[in-house]
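Encoded as structure tokens, the structure appears first; notes follow it.
In what follows, every heavy atom counts, from backbone to side chain, and hydrogens, waters and symmetry copies are set aside. Remember, it's a predicted structure, so these values are computed and weren't measured experimentally.
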Amino acid sequence: MAKKRKQAAVWQGFLWGGLLSLGVYLLGLLLLALLLVRGTLSEGFPAVAVLCTAAAMGGGLLAVWRTGWGVGGLLTGAAFAGVLILGGLLFWEKLTWTGSGGILLLCALGGGFLATLASLAGLTGRRRRRK
């Protein structure tokens, strides 16, 4: 008889997803800064937007996989966008929504939305239980 794996709490899945999103985003920013200083990458905003979307999508997929909730990706993307807002307010004291700040928040939410779509399409590898 096979042993059942102990199911983790839902908040732990969201915590791991959020930490993965932040880790990927911060390490990616360090890599982009290195490439910019070396002259490999020209100064441009789309690389940061793509990185933000990929980080939110990765964290969202992990949250969906750990919790089993289909909307977990969107919730993780919203939490990631909230952390970006808090970080912006703490460091710059003022956010301009007409510039790149609003686009980054939309990219974070878009990454969470893509993770939700991937989970609903069955791309997370977890099968739904039948009653």
Search all heavy atoms of Gly13 against all heavy atoms of Thr67 and return the closest pair with its distance.
CA-CG2, 3.8 Å
Contacts of type side-chain contact (heavy atoms from CB on, under 4.5 Å), residue Leu15, not counting sequence neighbours
Trp11, Leu19
Let me confirm one number: the OH-CG distance from Tyr25 to Leu32, rounded to the nearest 0.5 Å.
9.0 Å
For the residue pair Thr76 and Ser21, what are the closest heavy atoms and their distance?
CG2-OG, 4.2 Å
Distance from Thr116 atom OG1 to Met57 atom CE, nearest 0.5 Å?
9.5 Å
Tell me, please, which residues at least two apart from Leu27 pass side-chain contact (heavy atoms from CB on, under 4.5 Å).
Leu30
Any chain of hydrophobic side-chain contacts (each under 4.5 Å) joining Val71 to Val10?
yes
With sequence neighbours left out, write down each residue that passes ring pair (Phe, Tyr, Trp, His ring centres under 6.0 Å) with Trp69, or none if nothing qualifies.
Phe14
With a 4.5 Å cut-off on side-chain heavy-atom distances among I, L, V, M, F, W and Y, is there a chain of contacts connecting Val48 to Leu41?
yes
Rounded to the nearest 0.5 Å, what's the gap from CG on Leu61 to CG on Leu114? Could you check?
9.0 Å
Which atom pairs, one a donor and one an acceptor, fall under 3.5 Å between side chains of residues 103-113 and the rest of the protein, sequence neighbours left out?
none

Acceptor/donor pairs from residues 79-88 side chains to any protein atom, 3.5 angstrom cut, sequence neighbours excluded:
none

Taking only residues two or more places apart in sequence or in another chain, which ones pass side-chain contact (heavy atoms from CB on, under 4.5 Å) with Leu26?
none
